[in-house]
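Below, all heavy atoms of this structure are taken into account, side chains as well, without hydrogens, waters or symmetry copies. Model, not experiment: these values are computed from the prediction. Convention: sequence-line order gives letters A, B, ...; per-chain numbering from 1.
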2 protein chains.
Amino acid sequence: MPTGVFPVVGRAPRDPGSLCPDMAKRRSELESFVLGLVWQTGPTSAYGIRRQLQASPSTQWSASAGAIYPLLQRLERAGLLKGRALKHGKRRRREYEITPLGLSELRAWIGPPLGDTAVSVAYDPLRSRARFLGALPAGDRAAWTDAAGAALDEVGRRVREWSETIEGEDPFLKLVTRQGELELQARAAWLTELKSLIRK
Amino acid sequence: MPTGVFPVVGRAPRDPGSLCPDMAKRRSELESFVLGLVWQTGPTSAYGIRRQLQASPSTQWSASAGAIYPLLQRLERAGLLKGRALKHGKRRRREYEITPLGLSELRAWIGPPLGDTAVSVAYDPLRSRARFLGALPAGDRAAWTDAAGAALDEVGRRVREWSETIEGEDPFLKLVTRQGELELQARAAWLTELKSLIRK
DNA sequence: CCGCTCATGTAACTGGTTACATGATTTA
DNA sequence: TAAATCATGTAACCAGTTACATGAGCGG
């Protein structure tokens, strides 16, 4: 079966480094994103990273300890991060900073050029469900759009709340929040079209 | 660490069925989506499902055989699908159809009520990268937005191409395509804002 | 002193990925 | 007849998930 035209996002392919040691391993989206967070807010700890991921409206990752701690260890082994242990009273703590190699890999991930997994139609679970609205009894469909509208409003509220917590930070971070809002508006507009299709 | 307010999408939690046999196992997004595809286009084969996933602009999944074949087997074991082997000449073929139990689980997945993973800010790898534009030398940022704009145009073209292939099909499927277009428009508008921020 | 949050990790598991194997059918 | 596609599957692997363990510090 030939491969499709739309590349899959997120997964890291097999490590070619075992065969060609000087070839950089392709990183997963989460790895690269965390690398960016360490660049932006470092020096920081695994716990700090988890808190940032958790606070963010992006629901792609759970920010679970089982993901983040080994991930930072991997990035340190690969030389993209430099970690150091420190003691705060009786408390051990491990802080990470980005290395020059890490920064160059971060820049390569950001682009340009954009990797082929960087641009795609974003996955939206609401859209997936809407695709099968025909499977619902016709009488239930209006209730679905109502529920979807309410849920979108709720998400919008949370995004606005979150955007207030990042006042005065990096202008690009703010623009990203703005994108979340624009996206939600587009989805709300689409829901309106969907409602009128159902009433017909 | 307390759990965040934004639930993670896509993963299926541990099977509670081993403890309470009458409790339905929570399905992953892919499982539910494929269930929907079988409902919509069934009776169909694993290969047919793969082709549909591959043709679709959604890049969440690779439609790999290693994902789809075991998935259909799982759904059949769970009683959501009914499969039957048939022979076309010398060729064996396995076709699946949705069962009444499968349809009720599909409806439960669609909602209402919407599950807490159904509505979220969609994950967008382009947005993730934009968040860290500050890590690029200032002179490279305009090139990034140019590349992003070109890539979005390209995706838009492919989505329009795809939407032409589904002429005359289910109206909800068409609306879903429409949503993809609206989303891309919103992202293009956002890029414009981003460009003016960078020129400043 | 109890419970909550801070903080660092490990262990078991699993869904989906890449890669491979096999053979039938169609097309150049 | 060679190459491409149709079609069904399996095997090894791995990133990220859930769940657990451990202990420090802190407020009531």
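Rounded to whole angstrom, the span from the NZ atom of A:Lys87 across to the P atom of C:dA7 amounts to 16 Å. What separates CZ of A:Arg84 from P of C:dT8 is a distance of 14 Å, to the nearest Å. The distance from atom CZ of B:Arg27 to atom C1' of C:dT14 is 14 Å, rounded to the nearest whole Å. One atom, CZ of A:Arg94, and another, P of C:dG9, lie 7 Å apart when rounded to the nearest Å. The distance from atom CZ of B:Arg50 to atom P of D:dG9 is 12 Å, rounded to the nearest whole Å. Atom OH of A:Tyr47 and atom P of C:dT8 are 9 Å apart (whole Å). Atom CD in A:Glu31 sits roughly 6 Å away from atom P in D:dA15 (whole-Å rounding). Atom CD1 of A:Ile49 is separated from atom P of D:dG16 by 14 Å (rounded to the nearest Å).
When heavy atoms are screened at a 4.0 angstrom cut-off, A:Glu95 is found touching no nucleic acid atom at all.
A:Val34 pairs with exactly one of A:Leu80, A:Leu81, A:Leu72 by the side-chain contact (heavy atoms from CB on, under 4.5 Å) rule, that one being A:Leu72.
Remark: A:Ser45 is in phosphate contact with C:dT8, judged by side-chain N or O atoms under 4.0 Å from OP1 or OP2. At D:dG9, one or more side-chain N or O atoms of B:Arg92 fall inside 4.0 Å of OP1 or OP2 (strictly under the cut-off). At the phosphate of C:dT18, neither OP1 nor OP2 sits under 4.0 Å from any side-chain N or O atom of B:Ser64. Distances shorter than 4.0 Å separate some side-chain N or O of A:Arg51 from OP1 or OP2 on C:dC6. Taking side-chain N and O atoms only, B:Gln73 has a distance below 4.0 Å to OP1 or OP2 of D:dT10.
A:Arg178 pairs by the salt bridge (charged side-chain N to carboxylate O under 4.0 Å, His left out) definition with B:Glu193, not counting sequence neighbours.
Of all nucleotides listed (C:dG16, D:dC6, C:dC6), C:dG16 comes nearest to the side chain of B:Ser28. Nearest nucleotide to the side chain of A:Arg74, out of D:dA15, D:dT10, C:dG9: D:dA15. Distance from the side chain of A:Ala67 is smallest for D:dG16 among the nucleotides C:dT17, D:dG16, D:dA24. Distance from the side chain of A:Ser62 is smallest to D:dT17 among D:dA15, D:dT17, D:dG23. The side chain of B:Trp61 lies closest to C:dT17, out of C:dT17, C:dG23, C:dG15. Candidate nucleotides D:dT8, D:dA19, C:dT25 were compared by shortest atom distance to the side chain of A:Ala65, and D:dA19 ranks first. In this structure, of C:dG23, D:dG25, C:dG15, it is D:dG25 that holds the atom nearest to the side chain of A:Arg91.
Using modelled atom types, one finds no donor on one side chain facing an acceptor on the other under 3.5 Å when comparing A:Ser58 with A:Ser56. For the 3.5 Å distance criterion, the side chains of B:Thr41 and B:Gln52 qualify, holding a donor opposite an acceptor. Side-chain N/O atoms of B:Gln60 and B:Tyr123 include no donor and acceptor closer than 3.5 Å.
Residue order along DNA chain D, read from the 5' end via each residue's closest nucleotide, puts A:Leu71 first among A:Lys90 and A:Leu71.
Applying the side chain to side chain donor-acceptor pair (under 3.5 Å) definition to pairs two or more places apart or across chains, those involving residues 135-156 of chain B are B:Glu154-B:Arg157.
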